[in-house]
Chemist: 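Got a structure here, written out as structure tokens. Questions coming.
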Amino acid sequence: MIPIARTQQLLVEELGEEVIVYDRERDAIYCLNSLAARVWYCCDGQNTVEDISKILAEELELSVSAQVNSLDLVSQALQELESFHLIAEYISQPINQPEISRRRMIKKAALVSGFAMGTLFPTIKSIVAPLPAMASSPTTTTEEP
Amino acid sequence: MINNPPTSTLPRLKPNLDISSEYISSREILASLPCAAGIAFISYGLKIGIQVNHLDILIQLSDYLPPGWEHSPSPLVDKLYSLILAANGQEYLLSDEEGELARTTELDRILLALDANLRIYIGTSVQDLLFVHAGVVGWRDLAIVIPGRSFSGKTTLVAALVKAGAVYYSDEYAVFDSNGLVHPYPRNLSIRQASGDRIKTCPVAELGGRYGSKPLAVGLIVSAHYQSGSQWNPTWISPGAALLALLDNTLVARTRPQFAMSILATAVSDTFALQSQRGEASEVAVALLSELEQLSIV
């Protein structure tokens with residue numbers, strides 16, 4: 001099974017190991033921690049869930065007997081990403097991608113590599129983008145007759 | 001610095017303007033006002049006009065204009081408000097080109113409504129600065145930014161920080177430039193009275209403080225909501241969580257998200273952020289200044 005990250009109607013801002021995503025369809029804003037971001041960037045239509053698990057295991061230096069199973073981490077991350085509509089679909093065969101995209105993915109991987117133990121679990125925080133009146137002091141002064 | 005209204009350039013007042021609040025739409029009100037008094041001013045590059053029909057309104061208006069406003073030499077404006085006393089002499093109405101914004105029997109309330117509408121207009125219309133609803137003080141040439149919604153206790157904490165020695169920047173907006181630096185929005189502090197809905201404005205000098213003027217890099221972001229009886233027990237939050245806290249209080253988060261995210265990412269990229277419920281502001285203020293002092297030494 002090959003997950004593909006959603007790319008449409010999203011604005012992405014990288015912030016150290018974290019990634020901020022603005023969902024234009026829902027006016028929601030997500031903050032992906034380093035692990036969630038790493039898994040998301042690996043969802044390029046080339047990697048199976050097992051491939052992503054291996055990538056994470058190598059980068060996290062998880063041993064076979066480690067209490068934290070990289071496949072579980074990837075599954076957990078994908079569930080989180082799906083719940084926030086950041087996975088477009090799953091396919092059975094890798095999609096053809098121009099080489100430039102793969103290079104870009106590797107560059108992104110470098111940007112978000114180097115996990116700290118505190119971020120060993122994938123988490124996504126979210127807010128609804130506020131309307132101007134919500135992000136300001138009250139304005140209405142109308143008295144009932 | 002608040003300037004005095006340039007009364008010599010105002011049009012002549014038309015004291016017996018016949019406007020009934022019940023039957024005349026705001027557009028008609030605006031159309032009927034060219035002979036009334038008014039003021040045109042510039043704030044953050046925006047040209048704003050306010051028309052009035054009563055001298056009492058005009059006299060008090062300058063206390064409610066945005067910080068740093070300057071008289072505009074041109075009567076042409078980007079945004080036009082009208083603030084009128086209805087013909088019945090009992091109701092004040094605030095309108096813009098789109099319609100009625102507020103209506104009340106008390107002049108100070110209608111002026112507060114004008115103040116709030118001006119802030120939103122400026123915060124959403126200025127193109128090269130980002131306005132985040134937050135309290136801001138300066139300490140050791142770094143800014144402490146306290147984002148939060150109304151009634152979260154921002155002003156109380158800002159006042160406590162100023163009393164503890166910090167330089168006052170704002171109790172309303174953190175104004176970020178494209179380099180992520182925070183500029184002052186130096187209006188008087190708006191301190192809510194015990195009932196919650198009445199506001200007393202307080203010049204920073206009354207707190208023994210002073211206004212900051214130079215742009216500052218962010219040293220500390222504080223997500224602190226007042227909860228009676230709470231203990232200050234802060235935990236560090238990630239830059240991403242800090243950016244979310246700022247975006248949650250950004251006026252153009254929805255309309256110009258890329259602009260907002262880019263500036264805030266720059267602002268938080270090399271800073272620290274913490275969050276906690278808070279109780280008494282004075283204790284928290286001392287703790288925050290001490291924390292920032294230690295961080296800046298490191």
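The shown structure was predicted, so the numbers you read here are calculated from the model rather than taken from an experiment. Heavy-atom basis, side chains included; hydrogens, waters and symmetry copies ignored. In what follows, chains are A, B, ... by sequence order, proteins preceding strands, each numbered from 1.
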Chemist: Go through the atoms of B:Ala134 and report whether side chain, backbone, both or neither lie under 4.5 Å from a heavy atom of chain A.
Modeler: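 Nothing of B:Ala134, per the 4.5 Å heavy-atom cut-off to chain A.
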Chemist: Taking C-beta and beyond as the side chain, do A:Pro130 and B:His133 meet within less than 4.5 Å on heavy atoms?
Modeler: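 No; the side chains remain at least 4.5 Å from each other.
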Chemist: Tell me, yes or no, whether the heavy-atom count around A:Glu25 atom CD, taken from other residues, nucleotides or ligands under 6.0 Å, exceeds 12.
Modeler: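 Enclosed.
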Chemist: Does the pair B:Thr266 and A:Glu13 meet the rule for a side-chain contact (heavy atoms from CB on, under 4.5 Å), with working shown?
Modeler: CA-CA 10 Å; B:Thr266 303; A:Glu13 185 77 38; over 6 Å; no
Chemist: Which heavy-atom pair separates B:Gln258 from A:Val12 by the least distance, and what is that distance?
Modeler: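 So the minimum-distance heavy-atom pair works out to NE2-O, 4.2 Å.
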Chemist: As an exercise, state the distance from CD of A:Glu18 to CG of B:Leu244, rounded to the nearest 0.5 Å.
Modeler: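 Here the interatomic distance stands at 8.5 Å.
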Chemist: Using 0.5 Å steps for rounding, measure from the OG1 atom of B:Thr124 to the CG atom of A:Leu131.
Modeler: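 It is 11.5 Å, given to the nearest 0.5 Å.
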Chemist: So which atom in B:Ala241 and which in A:Cys31 form the shortest heavy-atom distance, rounded to 0.1 Å?
Modeler: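 Answer, listing the atom of B:Ala241 first, then A:Cys31: N-SG, 4.0 Å.
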Chemist: Minimum heavy-atom separation for B:Arg254 and A:Ala129, please, with both atom names.
Modeler: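 Nearest pair, atom of B:Arg254 first, then A:Ala129: NH2-O, 2.7 Å.
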Chemist: Show the nearest heavy-atom pair for residues A:Leu15 and B:Leu243, with the distance to one decimal.
Modeler: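 Nearest pair, atom of A:Leu15 first, then B:Leu243: CD2-CD1, 3.8 Å.
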Chemist: Could you tell me which portion of B:Ser262 (side chain, backbone, both or neither) has an atom closer than 4.5 angstrom to a non-hydrogen atom of chain A?
Modeler: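 B:Ser262 touches chain A through backbone and side-chain heavy atoms alike.
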Chemist: Is chain B contacted by the side chain of A:Ile20, its backbone, both, or neither, given a heavy-atom distance below 4.5 Å?
Modeler: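 It is both, since atoms from each part get that close.
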Chemist: Search all heavy atoms of B:Met261 against all heavy atoms of A:Tyr22 and return the closest pair with its distance.
Modeler: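 Looking at all heavy atoms of both residues, the closest pair is SD-CB, 3.6 Å.
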Chemist: Check the surroundings of atom CG in B:Asp78: do more than 12 heavy atoms from other residues, nucleotides or ligands lie under 6.0 Å from it?
Modeler: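 Yes, enclosed.
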Chemist: Side chain, backbone, both or neither: which part of B:Ser238 has a non-hydrogen atom closer than 4.5 Å to chain A?
Modeler: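 For B:Ser238, heavy atoms of backbone and side chain both lie under 4.5 Å from chain A.
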